[in-house]
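Just dropping this structure here.
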There are 2 protein chains.
Amino acid sequence: MPKHVDPDARRQQVVDALFRVVVREGLHRTSLRGVANEAQLNIGSLRHYFASQQELMRFAMQSMIDRVGGRLLARVEQIGDLGSRPRPEQLRLAAELLAELLPLDERRRTEVTVFLDFNAAARTDPAFGDLARKVAEGTRWLLRRILARLDAAGSLRPGLDLDIEAERLAALVDGLGLSGVLHPDLLPPQKSWDVLRTHLEGLARAG
Amino acid sequence: MPKHVDPDARRQQVVDALFRVVVREGLHRTSLRGVANEAQLNIGSLRHYFASQQELMRFAMQSMIDRVGGRLLARVEQIGDLGSRPRPEQLRLAAELLAELLPLDERRRTEVTVFLDFNAAARTDPAFGDLARKVAEGTRWLLRRILARLDAAGSLRPGLDLDIEAERLAALVDGLGLSGVLHPDLLPPQKSWDVLRTHLEGLARAG
DNA sequence: TCCTTTCTAGCACACCCGTGATAGAACGGC
DNA sequence: GCCGTTCTATCACGGGTGTGCTAGAAAGGA
């Protein structure tokens, strides 16, 4: 039983409000006042839970990382042993996992949008540098792991350089996310999905 | 003979200063005062050449588009008839053309960096919306054209969906640009180049 | 009940921003 | 010489920002 409000719930409420503002107006014009307003809180209240703007921003990005990362890990668990499945299902599962990083529905669109803005900011704002780096490393680790599993199951074309292929896959996913967010009319979700499937099938052993 | 200064040269000088500030500090904290300072101009002088901030920003982005677009077109001209060359050279030329969009050296790094920031801003700032859209369409047009030429020369694997492949190539180039700018240590120029070559060779007819 | 902690609300300050307005300098044509 | 145009320089205003600070309300344990 919380005393009055659950501080963690409040923080999440604020973070959700921040995400809405970032999606609507962009990170560069997301102010404390704007977030407080969106969360229907007074700026004074907001500042009771986040000592500074930087703390709020870092907490928000970490929160986003946890959400997406948790979903990815859950899917990895759910898949379990890849080798015991028929190859088409292996590819489908891999594609669905990677599609978690594409703006295919409203939830993922929000996540990718926020994520891109934060990453872009991280280039010049040292407050986000470490987080952005860990995300980039984590993504590559995940991709390498997926490719290694598929390869161990004998589902990949022989002769592939898995290091290069992981980077190629990372670039593809990043690029699809970028275009899907910036130009949804040029790259609708279905097409983005088709491109991903085409790419994976190109990696798979012929047959 | 200019009366005193060449207005066009002044504008270019200002735009170059703006690019340096954007690369160094990010677009979101690129102010008129900052640009004027970088260009060693008084803000009043700067405003004599650009009536408003928006005009400066749009001019700068258009200027960047012209530069990169001009280089791309020049390369297309230079290549000429693709079909008359041996297939390995076709692939090399195509790769070199696409590499114009990757941050492989200081010049291209600046261009890609600025370009990403402007594009990200275009998502929420309607002042850049039309420019970003034309760039996205232009890029896809160029990629489709390259693929079509390679295909007409009989250099591509049969059975490819060129529409999907153009989008896949666009995503790859965008993704490589993004990572190359944000995480140059994880994706150094050489690796980025290798990924691009690998991708193109994957499209090429076996042999 | 009283007291402490938690929470909400708001003011005030210094800072930076884009921009309107103005005035003086530098220059070219006559 | 003079004049008009071009260019440079500066001030002032209104608006938005993050943040330090304070005061009061709300809540729960003694």
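All of these numbers come straight from a predicted model, not from anything done at the bench. A, B, ... follow the sequence lines: proteins, then strands. Residue 1 opens every chain.
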- Message: Of the options D:dT6, D:dG18, C:dC17, whose atoms approach the side-chain atoms of B:R33 most closely?
- Response: C:dC17
- Among the candidates D:dC7, C:dT19, D:dT17, find the nucleotide nearest to the side-chain atoms of B:R47. C:dT19
- Task: Report the distance from atom CZ of A:R11 to atom C1' of C:dT6, rounded to the nearest whole Å.
- Result: 13 Å
- Sequence neighbours excluded, which residues qualify as ring-ring contact (aromatic ring centres under 6.0 Å, His included) partners of A:F50? A:F59
- Check against side-chain hydrogen bond (donor to acceptor under 3.5 Å, both in side chains), B:R87 and B:Q90: CA-CA 5 Å; B:R87 190 176 304 157; B:Q90 290 182 25; 5.8 Å; no
- Item | N/O donor-acceptor pair under 3.5 Å between B:T139 side chain and B:V135 backbone | yes
- Message: As a test of reading the structure: which of C:dG18, D:dT8, C:dC7 is closest to the side chain of B:H48, going by heavy atoms?
- Response: D:dT8
- Listed partners of B:R157 passing side-chain contact (heavy atoms from CB on, under 4.5 Å), at least two apart: B:L160
- Atom-to-atom span, CG of B:L46 to P of C:dG18 - whole angstrom: 10 Å
- Query: Rounded to whole angstrom units, what separation is found between the CZ atom of B:R29 and the P atom of C:dG18?
  - Reply: 14 Å
- Task: Fit a plane to each ring of B:H199 and A:H199, take the angle between them on a 0 to 90° scale, and name the class: parallel (under 30°), tilted (30 to 60°) or perpendicular (over 60°).
- Result: parallel
- Item | Interface residues of residues 123-130 of chain B with DNA chain C (non-hydrogen, below 4.0 angstrom) | none
- Identify, with sequence neighbours excluded, every residue that meets side-chain hydrogen bond (donor to acceptor under 3.5 Å, both in side chains) alongside A:R149. none
- Query: So does A:Y49 get a side-chain nitrogen or oxygen closer than 4.0 Å to the phosphate oxygens (OP1/OP2) of C:dT6?
  - Reply: no
- Nucleic acid contacts - residues 37-44 of chain B versus DNA chain D, non-hydrogen atoms under 4.0 Å: B:N42, B:I43, B:G44
- Less than 4.5 Å apart, any side-chain heavy atom of B:N119 and any of B:M61? yes
- Query: For DNA chain C, what residues of residues 16-28 of chain A have any heavy atom nearer than 4.0 Å?
  - Reply: none
- Query: Sequence neighbours excluded, which residues qualify as salt bridge (Lys or Arg N to Asp or Glu O under 4.0 Å) partners of B:R11?
  - Reply: none
- Message: Within the 4.5 Å heavy-atom criterion, are A:L203 and A:L200 side-chain neighbours or not?
- Response: yes
- Taking side chain as C-beta onward, heavy atoms only, is B:V23 less than 4.5 Å from B:R109? no
- Of the nucleotides D:dC7, D:dT19, D:dA9, which one has an atom closest to the side chain of A:L32? D:dT19
- Give a yes/no on whether any side-chain N or O of A:S45 is located under 4.0 angstrom from OP1 or OP2 of C:dC7. no
If you look only at distance, which donor and acceptor atoms sit under 3.5 Å apart when one is on a side chain in residues 174-184 of chain B and the other is two or more places apart or in another chain?
residue, atom, partner, partner atom, Å
B:D174, OD2, A:S179, OG, 3.4
B:S179, OG, A:R140, NH2, 3.1
B:S179, OG, A:D174, OD2, 3.4

- Among all residues two or more places apart in sequence or in another chain, which pass the side-chain contact (heavy atoms from CB on, under 4.5 Å) test with B:N42? B:S45
- Quick note, side-chain hydrogen bond (donor to acceptor under 3.5 Å, both in side chains) partners involving residues 25-34 of chain A, not counting sequence neighbours, are none
- DNA chain C contacts made by residues 51-61 of chain B, counting heavy atoms under 4.0 Å: B:S52, B:Q53
- Note on the structure: Residues pairing under side-chain hydrogen bond (donor to acceptor under 3.5 Å, both in side chains) where one sits in residues 50-61 of chain A, two or more places apart or in two chains, turn out to be A:R58-A:D130
